[in-house]
Number of protein chains: 2
Amino acid sequence: MNEQRIGDNLTDVKVKNRALVLSLVKKRGLLSRIELARITGLTQPTITNIVNELITSNLLQEVGTSDTKAGRKPILLSFNNRAFYTIAISFSRHGFSVALTDLTPNILFRRDSNYELQENTEIALLELQKEFIHVLEYATQSLRLILGIGVSVPGPVEAETYTILAHPTFLNHKSLDLRSHLKEYDLPIFMANNADAACLHETWNGVAKEIPNMVYFMAGEGVGAGILIDGKLYEGKNKKAGEIGHTSVNIFGPRCVCGNQGCLEMYCNTEKILEKAREVAWFGESQFLRQLLTEKRDELKFHHLIEGAQKNDITCQNILKQLGQYIGVGIVNILNVFDPEVVVIGGEAALAKEFIEEPIRRGIEERLLYRDYVTPHIHYSQWGEDIRLLGAASVVLDHFMAGELGRF
Amino acid sequence: MNEQRIGDNLTDVKVKNRALVLSLVKKRGLLSRIELARITGLTQPTITNIVNELITSNLLQEVGTSDTKAGRKPILLSFNNRAFYTIAISFSRHGFSVALTDLTPNILFRRDSNYELQENTEIALLELQKEFIHVLEYATQSLRLILGIGVSVPGPVEAETYTILAHPTFLNHKSLDLRSHLKEYDLPIFMANNADAACLHETWNGVAKEIPNMVYFMAGEGVGAGILIDGKLYEGKNKKAGEIGHTSVNIFGPRCVCGNQGCLEMYCNTEKILEKAREVAWFGESQFLRQLLTEKRDELKFHHLIEGAQKNDITCQNILKQLGQYIGVGIVNILNVFDPEVVVIGGEAALAKEFIEEPIRRGIEERLLYRDYVTPHIHYSQWGEDIRLLGAASVVLDHFMAGELGRF
DNA sequence: GAATTTTTTTTAAAATATCACAAAATACTG
DNA sequence: CAGTATTTTGTGATATTTTAAAAAAAATTC
């Protein structure tokens, strides 16, 4: 696939500049040729040339003009998010979704399912295939050109083959070569850990559009991070980077399933938080929790804690506050190690923003090594549950925009 | 200085390819033109062209031929490490050194001093200037062309201005603009944290020559890391990345000077280890330590522990073993977060390799999340104390080889 | 010593951005 | 409302760089 050339080439220049122009318009919205020239430092004829090619391949469109003081009005260019489409597949620990998205990406059509890949892999795969075909038919019916399939997985992925690897919390039986199951549709497949996928989405459509160094801290059923360095996803030698959830934050702490002691994940995954809430529910002072538990038995979910906290239930607030404190510890570690421009907090925990924000802020203020010299920016994911599918689509988008899929 | 062009250029290609060829010869030693063509994927004429330019600028030399089965013998090219020189300045917490180095870098002439920058900044600076002039005179006397000054600092450096920043453990009074003190000699000055500098040295002259992703874990008086990503030093938004010593590994642990709790540095810096040794010395069972302490009072140094361990003193061995265990925790955290190809352990701790190696290996085996999928490579610094100066020189080298200093 | 092999160099060709300038479109001025 | 200034976009020649093809150089083999 790769022809292993490390030396640079004339065509490399062209490809890079074309990708640069395209992604600038994608990220900044409406731009004129002259603005592109100014931003890139390329000359106007070069820009004209590149832009015309991109218009020919239908990726850019001329959409009206903008006002200037005098002279010819600049023609505004916009990214054509309907030029191509992706099929996004996302797995959580309790189900999966398949969707058709445009290049923004927006979710145009989705199918959700509760089959767990964990429980009965064969049946789940059949179900997946069914839903996939469903989406694919919807897409072909309306003549959408599909760039590829993006898959977001809550666990590790094998670097070369994009196999979903066996892993105690998501797929404990054996590794799964999803690619071969979808091979017959002859679409390129890209896979990423869901923190990485979410991270990519923030770079193309979120808060990290113009930010080279960012860490996406994902705290939900699992705790992991997507790491953006120099505008590119950093995945490490074996696509195994970002497992911040399994860094020890308590060397003398209890043993984690991974073998380590006192992993961060043991303190700030939402399951652990719920366990604690259940404990407190029966014996604690929270009427809200006790009532919930009698009504719904063991069906206590994370969003219940948020509801409780919003209804001023002190216990719920305190539990979330503690979650914030633990997340804060993780964030400070990230800040000290990565010195990123931005940290985005995502996953279920982000839904509790209003209750964890303050303890996190406080934690940074008190504990950050270089707090006198740097001001870290902490954002919270704006995408809710959709981020799973949006991330999956962004994986395809990311490969496409790098010029890898050769459609422009 | 930067003309802010993000678009790519024909000259960019040339500069990159030239830098690539030069660094390949520097790193791999003797190479012929045809080999360079094969490695880079560039064509032979392109290589010839570039090589001839580099020979003209005296950076490459033709040195004999190598044997082949038949045909014309390839002319071997070698990197001329005496084409230019650097002046390296390194600070530790207890003194500084100034040296002249070639481009390997080898230390050709050095001056060491025990003035602490901390104690009496003004006098120390005068002393530094004196030694610097000494080295500079030695250099000019023999007509060496100096590329620039490299400075390695055991603390943070301000990104834009290369100011040495105030910091509790090295320079607690106020920031120091070393650049302006050396301005009159009209040489470019580059500064880096000493972990970063050491990391760079490993990329140019050590174990990471061909490795894009590496973490240099430095454990000595302080604990920090130099992070290599995609072949480049990763410094973060504000050159504050890599402070792994101040990641919390015990959220419930004692407060660190930095504000955080249970920082890694509190468990595996050598000072802490020595404190523990001193405690144990009087009341423990170690005859070696007790004798040492009565002879030398409070002059117990880290190398004494190593000596003791080498003389089979169980207490010394146990203390070092524990150090290894703590370092192991740090390494596992690094491996889980960065998934690097290589981790290099440096700093004073690396001197105790024979005693910490096993507990570190064991720690990784037991605690690494993806131990079934990845095999991390752990190296130990080979450079001893010289790494400070070598690192400082490598900072200059690194800028030069990137084509920034415009001498080729 | 002629044929063969391998490396290096030369020459011509292709690709790309740049430079200088022209054309187009609009606002401002009197 | 015509003319001018201003700004954006487009065009053609030029310079630079890599590439492709072929020649030259150097060494080995038969």
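- What separates CD of B/E62 from C1' of C/dT9 is a distance of 12 Å, to the nearest Å.
- D/dT9 atom P lies 14 Å from atom CD1 of A/I50, rounded to whole Å.
- Remark: P of C/dT18 and CG of B/L10 are 8 Å apart, rounded to the nearest angstrom.
- Residue B/N17 places at least one side-chain N or O closer than 4.0 Å to OP1 or OP2 of D/dT18.
- You'll find the side chain of B/V344 reaches within 4.5 Å of the side chain of B/M214, heavy atoms only.
- In the set C/dA17, D/dT19, C/dT7, the nucleotide with an atom closest to the side chain of B/P74 is C/dT7.
- Residue A/T43 places none of its side-chain N or O atoms closer than 4.0 Å to OP1 or OP2 of C/dA17.
- Listed pair A/R18 / C/dA17 fails the phosphate criterion, with no side-chain N or O lying under 4.0 Å from OP1 or OP2.
- Put simply, CD1 on B/I6 is 16 Å from C1' on C/dA17, counting in whole angstrom units.
- In this structure, the CD atom of A/E53 is 12 Å from the P atom of C/dA15, given to the nearest Å.
- The CD1 atom of A/I39 sits 13 Å away from the P atom of D/dT8 (whole-angstrom rounding).
- Each of B/I34 and A/N49 has a nearest nucleotide on DNA chain C; the 5'-most of these lies closest to B/I34.
- Contacts of A/T65 with the nucleic acid, taken as non-hydrogen atoms under 4.0 Å apart, are absent.
- Rounded to an integer number of Å, the gap from CG of A/L20 to P of C/dT16 is 16 Å.
- Scanning all heavy atoms of the two residues, the minimum distance from B/A88 to B/T101 falls at CB-CG2, 4.2 Å.
- The phosphate of C/dT18 has OP1 or OP2 within less than 4.0 Å of a side-chain N or O from A/T46.
- The residue A/I75 sits close only to the backbone: its heavy atoms come under 4.0 Å of sugar-phosphate atoms, none of a base.
- Distance B/D8 CG to D/dT17 C1': 13 Å, rounded to the nearest Å.
- Residue A/N9 places at least one side-chain N or O closer than 4.0 Å to OP1 or OP2 of D/dT19.
- If A/P45 and A/T11 are placed on DNA chain C by their nearest nucleotide, the residue sitting closer to the 5' end is A/T11.
- With contacts defined as side-chain heavy-atom distances shorter than 4.5 Å, the pair B/I227/A/F338 does not qualify.
- The pair A/D196-A/K239 does not meet the salt-bridge criterion, since no charged nitrogen lies less than 4.0 angstrom from a carboxylate oxygen.
- Between B/R72 and the phosphate of C/dT4, there is no side-chain N or O to OP1/OP2 separation shorter than 4.0 Å.
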Validation: residues 197-208 of chain A side-chain donor-acceptor distances under 3.5 Å, sequence neighbours left out:
from, atom 1, to, atom 2, distance (Å)
A/E202, OE1, A/V207, N, 3.0
A/E202, OE2, A/W383, NE1, 3.1
A/T203, OG1, A/L200, O, 2.6
A/W204, NE1, A/D398, OD1, 2.8
A/N205, ND2, A/T104, O, 2.9

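- For C/dA27, the OP1/OP2 oxygens have a side-chain nitrogen or oxygen of A/K73 closer than 4.0 Å.
- Between A/F79 atom CZ and A/M401 atom CE the span is 4.5 Å, to the nearest 0.5 Å.
- Side-chain N/O atoms of A/T48 include one lying less than 4.0 angstrom from OP1 or OP2 on D/dG10.
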